[in-house]
Amino acid sequence: IKACERRLDMLLKMENLILYGAGKNCELFLDTWSSLHMKRPNVLWDISANRTKGEEAGEKRWGFPLNPPEFETLDSTRDAVLITVTNGETNAALHCTMQDIGFNNSMTWYDLQMALIAKMASINKTP
């Protein structure tokens, strides 16, 4: 868990932080990040095919541009991608796709969950 937290801290220092996933998963993570006062992602890549009015409201609420994923355009010196796709097989495939094109600054949903648990635990520690 601590290793995941350290990796997240490293990715949060990257110039561009991209949150990749479907609308409701992204919203859940954004709410958690707000409560932890973490750096907001610069870009939201939303793969939700049919966004409902509620999800459109979420898009406006967070003010992120929605773009289709173009992993080949990523710059490994500036960009980091946090994956919020909760389907394990899809998540692993996305991570492998990014690594196949030489992009290693990504974090899977599972590791991201572990990192957020560590962040919450350190905030809630009693003296």
Side-chain angles (χ1 to χ4, degrees):
I1 289 177
K2 293 305 270 179
C4 292
E5 182 182 26
R6 284 189 299 275
R7 177 141 175 81
L8 177 60
D9 288 341
M10 187 267 301
L11 293 177
L12 289 172
K13 291 177 185 172
M14 301 297 287
E15 189 175 332
N16 295 315
L17 185 64
I18 300 164
L19 183 66
Y20 177 84
K24 292 186 188 328
N25 295 336
C26 289
E27 291 285 330
L28 174 67
F29 281 106
L30 289 171
D31 286 341
T32 302
W33 287 335
S34 287
S35 68
L36 294 171
H37 307 290
M38 293 170 62
K39 173 186 174 181
R40 287 171 54 115
N42 302 86
V43 178
L44 172 66
W45 274 351
D46 194 326
I47 60 171
S48 184
N50 298 309
R51 292 192 303 275
T52 65
K53 285 187 184 242
E55 288 168 326
E56 287 170 7
E59 170 190 331
K60 289 176 186 163
R61 178 175 141 207
W62 291 101
F64 295 124
L66 297 180
N67 300 306
E70 297 170 357
F71 296 124
E72 295 79 8
T73 66
L74 295 172
D75 180 342
S76 61
T77 63
R78 299 175 45 221
D79 303 328
V81 176
L82 304 177
I83 305 170
T84 67
V85 178
T86 54
N87 177 298
E89 230 173 90
T90 303
N91 192 293
L94 287 168
H95 195 61
C96 285
T97 297
M98 285 185 257
Q99 290 182 330
D100 286 347
I101 62 169
F103 184 81
N104 294 310
N105 298 331
S106 62
M107 187 172 231
T108 64
W109 174 80
Y110 178 79
D111 287 348
L112 184 53
Q113 289 284 84
M114 295 296 105
L116 292 176
I117 288 169
K119 294 258 180 238
M120 286 185 265
S122 51
I123 286 175
N124 293 324
K125 276 186 183 173
T126 53

Worksheet item: Are M38 and L116 close enough, and set up right, to give a side-chain contact (heavy atoms from CB on, under 4.5 Å), and what steps lead you there?
Response: CA-CA 10 Å; M38 293 170 62; L116 292 176; 3.9 Å; yes
Item to complete: For the pair N91 and T86, evaluate side-chain contact (heavy atoms from CB on, under 4.5 Å) and give the outcome as yes or no after the intermediate values.
Response: CA-CA 7 Å; N91 192 293; T86 54; over 6 Å; no
Discussion item. Run the side-chain contact (heavy atoms from CB on, under 4.5 Å) test on T108 and L112 for me, step by step, so that the C-alpha distance in whole Å, both residues' side-chain angles and the decisive distance to 0.1 Å come before the verdict.
Written reply: CA-CA 6 Å; T108 64; L112 184 53; over 6 Å; no
Worksheet item: How far apart are the C-alpha atoms of F71 and W45, what are their side-chain angles, what is the distance that settles it, and do they pass the ring pair (Phe, Tyr, Trp, His ring centres under 6.0 Å) test?
Response: CA-CA 10 Å; F71 296 124; W45 274 351; 5.8 Å; yes
Worksheet entry | Q99 vs H95, side-chain contact (heavy atoms from CB on, under 4.5 Å): CA-CA, chis, key distance, verdict | CA-CA 6 Å; Q99 290 182 330; H95 195 61; 3.4 Å; yes
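No side-chain heavy atom of W109 sits less than 4.5 Å from a side-chain heavy atom of L82. Between D79 and F103 the shortest side-chain heavy-atom distance falls below 4.5 Å. With a 4.5 Å cut-off on side-chain heavy atoms, L94 and V85 count as touching. Taking 4.5 Å as the limit, every side-chain heavy atom of M107 sits out of range of all side-chain heavy atoms of V81. Side-chain contact between D111 and L8: absent, with no pair of heavy atoms (C-beta onward) separated by less than 4.5 Å. Side-chain contact between N105 and M14: present, with at least one pair of heavy atoms (C-beta onward) separated by less than 4.5 Å. By the 4.5 Å heavy-atom criterion applied to side chains, L30 and P41 are counted as neighbours. E5 places a side-chain heavy atom less than 4.5 Å from the side chain of S122.
For the pair R7 (side chain) and S106 (backbone), a donor-acceptor distance under 3.5 Å is present.
Partners of E89 by salt bridge (Lys or Arg N to Asp or Glu O under 4.0 Å), not counting sequence neighbours: none found.
Taking each heavy atom of C4 and A115 in turn, the nearest pair found is O-CB, 3.5 Å. When all heavy atoms of G102 and S76 are compared, the closest pair comes out as O-CB, 4.5 Å.
Rounded to the nearest 0.5 angstrom, E72 CD and M98 CE are separated by 10.5 Å. Note: R40 CZ to L12 CG = 13.5 Å, rounded to the nearest 0.5 Å. Atoms CG and CZ, on N16 and R78 in that order, are 4.5 Å from each other to the nearest 0.5 Å.
Salt-bridge annotation for K39 and D9: absent, with no side-chain N of the basic residue lying under 4.0 Å from a carboxylate O of the acidic one.
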